[in-house]
Amino acid sequence: MSDRTLGFCALIFAGLMAWFGHDLQAPFSYEPVGPRAFPMLIALIIALCGIWLMAKHWHDRRKGEPIDWPRLLLMVVYIFGYALLFETLGFIIATAIVTVLIGRLFGGGWGKMIIGGVVMGVLFFLLFDRALDVVLPLGPLEFLS
Amino acid sequence: MSQIFDHLSIGFDVAFSWMNLLVAALGAFLGTLVGVLPGLGPINGVAMLIPIAYALNLPPETALILLAAVYVGAEYGGRISAILINVPGEASAIMTTLDGYPLARKGLSNVALSLSGWSAFCGSLVATIGVIVLAPLLARWALAFGPAEYFVLIVFAFCCLTSLLGNQPVKGTLSAMLGLAIATVGVDANSGVYRYTFDSVHLFDGIDFVVVVIALFAIAELLELLESTIRGESPEVPPNERKLFNLQELLYTKWTVLRSSILGFFIGVLPGAGASVASAVAYSNEKRYQEGRDPNSCFGEGDLRGVTAPEAASTASAVGSFVPMLTLGVPGSGTTAVMMGALTLYNITPGPVLFDTKPELVWGLVASLLIANVLLFLMNIPMVRVFSKVLSLPNWLLVPGILCISYIGVYAINAGTFDLTMAAFLGLIGYLLRKGGVPMAPMVLGVVLGDMMEQNLRRALSITNGELHILWDSPIAMGLWIVSLAIVIIPPILRRRSKNKLSATALAALEGEE
């Protein structure tokens, strides 16, 4: 991300913060400073940082660090997918699938990844759920419990 | 004097319980592993372990001992990859590569590894003595702090972190403010007003600290690993003649170690400035000092003092950064900020009162730091080769493993999908911000201190019924404003003037890792 874009995003964020925070008011209050002042102060400072970044780098044609978009998007999809399916599919199945997919993204072979995924899912389940008492969802494998 | 021994005996009683000894050893081992891996530093290790320690129902002092051992262990581990493959295992080991790798090329890798392990040990020893002496004094002084002083103290911590960590203070400020913004989400403690919750039940209590930390230091890190191809290298080192350093080398570096340890400790005590700053300052300081006096010094080409100085300083500052966390409730580094967040999970607010209300926690931690360091020193010399094996762990196994452990931790807190999705979302945002050169450490500090900062500001202003002058009326507050201002203004001027290119580039290279 270039500094100009970053500054622009900061301004947008500050704007949203001010917009959603402008009507924060306590119904009755005993103190001189209410719940609105602090968020507004932060929004103001964020806006100032944004303006500074944009003004300073307005003529800056340099791009930020390049991002490998296709791989990043895939990885992001996996991370969100893992989060959403963690409970529905249960820990063991979700972990095995996501490990295989992410492992492929990082250059692991299919065979190795399938073994790795299943082992990781089962091993971590046994370690955390059974040995350490950190409860994990089983999903469709509920009958094992 | 007798008081010090009373304190220590409380501490060792706690630390010598078999549970805490085991946890300290485990933490030291895990920490070293995390430290060896390039890209993963102490903050990542601590971030991943917090939710698990909490889910395991460890008592607070045991959890803190685990995290502290991981922290110091990672500082030990970073040097292994720095010396063997010229890749710093974590940010504070950048300076160790400068002389460590040339030494390894000369066939002295075992000497460099063992001697740097020894200096790290000395650094933490000196710093632990410093903590024992300084912390109670500072805590007593801090009892005099009112809300206005606390507010200014937090401002001071932000100033230290943003101006020392990066070459772009504006981005550091932006990061800190984003952290404070995250902290405002949820119900306002004073008025009961819901802020930025968008009517979602999951946001009423605010965004959980663990979610933010995992997002910024585990998930964003994994996204960043997509483009790095560091791992998978197995270290190739010329054969070594000797296994250990000899007495002559020990004596040759003794003053360097002592100087750098003391320097590192005091840098660690500054709120906000962590191990990477300490090691950079210690290295360039030692280089400047020795080059004037010693015609045989060969910094940058394999001088033993170039390895001992940054290692002594980095562990000393890691231990030193516990001082402001325990005494003032304001963390001394990004990693201690994360630990402070961990304590709030247990409803413990660090601060001067902690010394009276929970002495077993404070002194148990100090004693455990000592024990963890002895263990680390004993572990590190014979087991270097074992630890360096981690470097051949391939990314395709490491990345899903880290993701899996992180999600287990987040899930353990509230057992829900919402937190996991939130972690994924914040992780993506954190990654994009990193790509824009925004350091992450100020953001964590913001999340941890946001509530305290706002409450103290509002309390102070309530005293004067809204008049701002209370914020600078007392001498302590005024002094802190002046020091904060100095810390913001002086480094850029020095940086511009500095002819010592090394320290300038080193400071520029230090990202928000610490």
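Every chain is numbered from 1, with letters handed out A, B, ... down the list of sequences.
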Could you give the distance from CG (A:Leu6) to CG (A:Leu11), rounded to the nearest 0.5 Å? 10.5 Å
Does B:Ala220 offer a backbone N or O that forms a donor-acceptor pair with the side chain of B:Arg434 under 3.5 Å? no
Between A:Ala10, A:Gly107, A:Pro137, who has the most heavy-atom pairs with chain B when the cutoff is under 4.5 Å? A:Pro137
I need the contact set between residues 116-123 of chain A and chain B: heavy-atom distance under 4.5 Å, sorted by residue number. A:Met120
Counting only heavy atoms closer than 4.5 Å, note whether A:Val135 contacts chain B via side chain, backbone, both or neither. backbone
Checking heavy atoms, do the side chain of B:Ala415, its backbone, both or neither come under 4.5 Å from chain A? backbone
Greatest number of non-hydrogen atom pairs under 4.5 angstrom with chain A, of B:Ala176, B:Gly409, B:Cys404, falls to B:Cys404
Any donor-acceptor N/O pair, B:Ser175 side chain to B:Met443 backbone, under 3.5 Å: yes
How close do B:Ala181 and A:Phe13 get, counting heavy atoms only, and between which atoms? CB-CE2, 4.1 Å
Are the ring centres of A:Phe20 and B:Phe198 closer than 6.0 Å? yes
Measuring heavy-atom distances to chain A, does B:Tyr411 have an atom under 4.5 Å in its side chain, in its backbone, in both, or in neither? side chain
Which atoms of B:Asp188 approach chain A - backbone, side chain, both or neither, heavy atom under 4.5 Å: side chain
Counting only heavy atoms not in A:Asp23 (residues, nucleotides, ligands), do more than 12 fall under 6.0 Å from its CG? yes
If we ignore hydrogens and angles and just use 3.5 Å, is the side chain of B:Lys171 paired with the main-chain N or O of B:Gly436 as donor and acceptor? yes
Portion of A:Leu72 that has a non-hydrogen atom of chain B nearer than 4.5 angstrom: both
Which residues from residues 79-88 of chain A are near chain B, with near meaning under 4.5 Å between non-hydrogen atoms? A:Ile79, A:Phe80, A:Tyr82, A:Ala83, A:Leu84, A:Phe86, A:Glu87
Flag side-chain contact, heavy atom, 4.5 Å: B:Thr197 against B:Phe204: yes
Which heavy atom of A:Thr99 sits nearest a heavy atom of A:Met113, and at what distance? O-CE, 3.4 Å
Is it the backbone or the side chain of B:Leu457 that comes under 4.5 Å from a heavy atom of chain A, or both, or neither? side chain
With the side chain counted from C-beta on, respond yes when B:Leu180 and A:Ile45 share a heavy-atom pair under 4.5 Å apart, and no when they do not. no
Heavy-atom proximity to chain A below 4.5 Å, by part of B:Tyr194: backbone
Under 4.5 Å, counting heavy-atom pairs only, tell me which of A:Pro35, A:Cys49, A:Gly21, A:Gly103 racks up the most with chain B. A:Pro35
I'd like to know if the side chain of B:Asn44 reaches the main chain of B:Ala218, judged simply by a donor and an acceptor atom lying under 3.5 Å from each other, with no hydrogens or angles considered. no
Tell me, out of A:Leu132, A:Asp129, A:Thr95, who's got the most heavy-atom pairs with chain B below 4.5 Å. A:Leu132
Side-chain heavy atoms of B:Phe158 within contact of B:Met177, under 4.5 Å: no
With a 4.5 Å heavy-atom cut-off, do B:Leu426 and B:Ile207 have their side chains touching? yes
Where B:Ala342 and B:Ile50 come nearest, the two heavy atoms and their spacing: CB-CD1, 3.6 Å
Answer yes or no: is there a donor N or O on one side and an acceptor on the other, between the side chain of A:Arg36 and the main chain of A:His22, under 3.5 Å? yes
Would the distance check show the side chain of B:Ser406 and the main-chain N or O of B:Ile402 forming a donor-acceptor pair, the cut-off being under 3.5 Å? yes
Please state whether the side chain, the backbone, both or neither of B:Thr184 comes within less than 4.5 Å of a heavy atom of chain A. side chain
Between B:Val193 and chain A, with a heavy-atom cut-off of 4.5 Å, which part of the residue counts as in contact: side chain, backbone, both or neither? side chain
Under 4.5 Å from a heavy atom of chain A, the part of B:Leu428 involved: side chain
